[in-house]
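All values below were derived from every heavy atom in this structure, side-chain atoms included, with hydrogens, water molecules and symmetry-related copies excluded.
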Amino acid sequence: MAADSEVSAHRVAVVGSGPRGMGVLERLAARLIDCPPGAPVEIFLIDAHTLAGGRVWRSDQPDWFLMNTAAQEITMFSGPSDGGPVRPGAGPSFAQWWAGVDPASAKPDGYAPRARYGHYLQYLLDAVVRSLPPGVRLHQLQDFVEDLEPRPTEYVLTLAKGGRLAVDKVVLATGHTLPKLGDAEQRLHDFALERPRLQYMRGDAAADMPLDRVPDTAAVGIIGLGLSFYDVVVALTAGRGGRFIEAGDGAVAYRPSGAEPVLVAGSRSGMPVLSRGFDQRPADAIRKPLLFTEERVLAGADRGCLDFRRDVFPLLVAEMDLAHHATVLRLRRGPSAETEFLREVSAAAEHGHPDVCGLAGRHGIGAHGHFDFEESRRPFADRHFPDPDAFRRALVRELRTDVDRTVRGNYADPFKAAVQVIRDARSVIRSLVDYGGLRAASHEHDLVRWFSPATVFLAAGPPLHRARAMLALVESGVLRVAGPKTRFTADPASGRFVVESPQVGNSRTEVDIVIDARIPIPNVAADTSPLTRRLLERGIWTEFVNTRGSDAFRSGGVAITDVPFHPLNRDGAPDTGLYVIGIPTEHTRWGTQVGNGTPGPWNKFIRHADAIAEHALATRRERVEAEQD
């Protein structure tokens with residue numbers, strides 16, 4: 001039996017220090033603190049960018065780039081502060097920490113700068129370093145991992161700065177990368193490459209785009225009206241010295257600096273993503289889904305293979321109708337009317353799929369008062385406008401309506417109450433669709449191409465003050481939205497890019513710069529990262545292919561097991577020394593871009609991080625026992 005001093009260290013590498021990587025690190029440290037190791041443990045935190053926050057959450061970016069989740073909904077500590085020292089397993093939520101370091105700006109329901117969250121992640125990392133027990137070392141490596149080679153008893157990581165690192169376990173939380181350009185984007189890129197006066201900026205996080213290369217007063221086309229669009233526009237306006245001025249009653253006006261480019265944006269919808277309603281619900285008003293449950297969906301579906309539009313969506317939209325109508329009744333006739341309506345729907349649900357809208361009609365809610373999912377996600381779908389000014393007036397009306405709804409919030413506004421259901425139902429949706437729960441064709445066309453973009457538009461938008469800022473920019477003329485189904489093309493005759501909506505007369509606009517303000521869709525097969533390419537070449541990673549039904553869908557996500565998320569190799573076998581979490585697994589699992597711990601009982605983010613930490617450290621005990629025999 002070997003002496004304790006001769007037992008080799010157990011080594012775990014965490015590649016990526018965004019929230020998912022840091023979540024695993026926090027649970028590794030918490031477990032080691034609660035049960036100090038009997039043999040040496042070495043943890044390697046590796047990131048080519050910031051070693052607490054990675055690229056997206058790095059702390060040196062401008063403060064105008066904001067988070068998309070309210071501070072009170074976030075924690076990176078797996079337990080609350082308990083009066084003792086701050087440490088993994090016992091620390092402040094993000095809102096508590098923010099209030100302590102920046103009380104003038106911090107608000108529990110506020111949306112902090114991303115850089116501030118990067119500082120919070122650094123605070124967590126500092127707590128880990130201070131708290132590790134004897135025998136545990138944390139190595140912080142600011143470097144790219146370019147290759148990973150399995151050996152019989154270890155994994156060897158090749159680092160870009162030179163050298164190799166041998167470890168026992170590897171957690172891959174690599175986050176967003178840049179895939180190959182699609183055909184349309186490549187054409188724009190090549191067109192600009194041949195004409196020095198033009199620029200094309202590919203989709204990426206706005207903080208990483210070379211926006212300082214945009215000249216003052218240049219004509220700029222912006223592809224996409226999603227969350228990254230807000231970042232790009234604010235960087236090119238307020239980031240150029242423009243000011244948003246309070247104009248009374250919460251309204252905002254924009255005062256230009258003169259350094260702004262001329263901005264022409266567009267997307268398929270022609271409408272910026274809707275802002276997120278204030279969550280003003282009392283604790284006793286946050287109810288569990290009544291109609292949209294996993295059991296009800298499965299009970300009414302074909303055995304073993306779901307179709308999203310046929311089996312899943314009807315019950316989800318019924319739950320949205322329910323929230324919408326219940327809110328209308330409470331506002332019109334008080335809580336008792338809402339309670340009675342919910343009781344009737346619940347009773348009807350015992351005998352099958354209830355007609356929610358029909359029951360609402362019996363309570364006096366006419367057809368005009370129903371929630372319309374399709375109309376809500378595409379407000380200009382079938383509308384044509386004679387000129388850009390006519391479309392601008394219609395857009396301003398829609399933006400003002402959204403601002404008013406956001407102010408009322410998801411407890412006092414029926415529309416915001418309905419779309420809040422999407423956020424509340426995410427765990428149910430995941431349980432139904434993850435790992436090929438849908439037919440392949442439905443997975444691709446219904447979930448990935450149709451429903452997921454709609455959920456971003458309806459329920460994952462920016463905070464209120466961002467919506468007011470966009471309204472002010474449109475009203476000031478600094479920002480123009482071209483219209484629905486906007487096309488961005490290259491015109492060899494003029495030697496410029498063209499932005500145009502087929503539904504808005506005389507909307508053609510020539511520009512010299514096109515900025516793609518869409519975050520690239522994760523796709524492991526198109527990923528240009530050297531590490532990803534080599535993992536695929538070695539067959540360590542494979543792409544998840546959904547083969548349910550008569551079609552096959554190459555999802556673009558890494559094929560993995562369920563928790564703790566081991567990758568499946570080319571033989572279909574799990575590699576139990578590796579773990580893959582977050583963005584690389586998108587489409588194998590749904591909604592991986594949403595990820596943080598929440599105060600209170602553990603959510604899946606923390607439970608999954610803990611499961612990985614437990615599995616990664618369990619082999620340490622097994623190895624020590626083997627070496628001591």
Side-chain angles (χ1 to χ4, degrees), residues 178-204 206 209-211 213-215 217-233 235-236 260-273 377-392 394-395 449-450 453 456-457 470 473-474 477-521 523 526:
L178 296 179
K180 297 175 184 176
L181 293 176
D183 292 343
E185 292 76 24
Q186 190 67 51
R187 285 193 292 270
L188 295 174
H189 172 272
D190 293 345
F191 188 75
L193 204 61
E194 297 165 357
R195 294 162 178 82
R197 63 177 291 201
L198 304 185
Q199 294 185 55
Y200 168 75
M201 296 186 191
R202 65 165 300 155
D204 198 0
M209 290 181 172
L211 297 176
R213 286 170 34 193
V214 177
T217 71
V220 178
I222 301 176
I223 305 175
L225 298 173
L227 288 169
S228 188
F229 153 79
Y230 284 83
D231 289 337
V232 168
V233 169
L236 293 174
E260 298 91 347
V262 177
L263 304 176
V264 184
S267 69
R268 285 173 294 179
S269 71
M271 177 77 184
V273 293
R377 79 181 191 94
R378 290 284 188 269
F380 304 121
D382 299 317
R383 299 171 63 182
H384 289 76
F385 304 87
D387 53 54
D389 192 53
F391 176 72
R392 186 191 68 82
L395 176 64
R449 296 189 181 181
W450 173 67
V456 173
F457 178 81
M470 289 305 111
L473 289 169
V474 171
V478 172
L479 170 66
R480 179 164 71 84
V481 177
K485 298 181 181 177
T486 307
R487 295 189 292 246
F488 293 80
T489 57
D491 181 15
S494 66
R496 304 180 77 189
F497 296 115
V498 173
V499 184
E500 186 172 20
S501 167
Q503 293 177 222
V504 179
N506 301 313
S507 63
R508 177 186 168 97
T509 305
E510 294 181 352
V511 299
D512 296 318
I513 300 171
V514 169
I515 299 172
D516 194 337
R518 299 169 298 179
I519 296 295
I521 297 173
N523 185 345

Which distance, rounded to the nearest 0.5 Å, do you find between the [atom1] of [X] and the [atom2] of [Y]?
{"X": "Gln503", "Y": "His384", "atom1": "CD", "atom2": "NE2", "value": "4.5 Å"}
{"X": "Ile223", "Y": "Arg518", "atom1": "CD1", "atom2": "CZ", "value": "5.0 Å"}
{"X": "Arg508", "Y": "Asp491", "atom1": "CZ", "atom2": "CG", "value": "5.0 Å"}
{"X": "Leu395", "Y": "Phe385", "atom1": "CG", "atom2": "CZ", "value": "9.0 Å"}
{"X": "Phe488", "Y": "Thr509", "atom1": "CZ", "atom2": "OG1", "value": "10.0 Å"}
{"X": "Phe497", "Y": "Leu188", "atom1": "CZ", "atom2": "CG", "value": "5.5 Å"}

Measuring only between side-chain heavy atoms, which start at C-beta, is [X] closer than 4.5 Å to [Y]?
{"X": "Glu260", "Y": "Leu236", "result": "no"}
{"X": "His189", "Y": "Arg202", "result": "no"}
{"X": "Val481", "Y": "Phe380", "result": "no"}
{"X": "Val214", "Y": "Ile515", "result": "yes"}
{"X": "Ile513", "Y": "Pro215", "result": "yes"}
{"X": "Arg377", "Y": "Ser269", "result": "no"}
{"X": "Arg496", "Y": "Arg195", "result": "no"}
{"X": "Val220", "Y": "Leu263", "result": "yes"}

Examine distances only and state if a side-chain atom of [X] and a backbone atom of [Y] form a donor-acceptor pair shorter than 3.5 Å.
{"X": "Glu185", "Y": "Gly203", "result": "no"}
{"X": "Ser228", "Y": "Ile519", "result": "no"}
{"X": "Ser501", "Y": "Pro484", "result": "yes"}
{"X": "Tyr230", "Y": "Met470", "result": "no"}
{"X": "Gln199", "Y": "Arg213", "result": "yes"}

*asked:* Counting only heavy atoms not in Ile521 (residues, nucleotides, ligands), do more than 12 fall under 6.0 Å from its CD1?
replied: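 Count not over threshold, so no.
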*Heavy-atom count around Arg378 CZ within 6.0 Å, excluding the residue itself: above 12?*
yes
If you take all heavy atoms of [X] and [Y], which pair is closest and at what distance?
{"X": "Ala206", "Y": "Leu211", "result": "O-CD1, 4.0 Å"}
{"X": "Glu510", "Y": "Val498", "result": "CG-CG2, 4.3 Å"}
{"X": "Leu225", "Y": "Ala265", "result": "CD2-CB, 3.6 Å"}
{"X": "Phe229", "Y": "Ile222", "result": "CD1-CG2, 4.0 Å"}
{"X": "Ser507", "Y": "Pro388", "result": "CA-CG, 4.1 Å"}
{"X": "Pro520", "Y": "Leu178", "result": "CG-CD2, 4.4 Å"}

*NZ/NE/NH1/NH2 to OD/OE distance under 4.0 Å, Asp389 and Arg392*: yes
*Are Tyr200 and Phe191 close enough, and set up right, to give a ring-ring contact (aromatic ring centres under 6.0 Å, His included), and what steps lead you there?*
CA-CA 9 Å; Tyr200 168 75; Phe191 188 75; over 10 Å; no
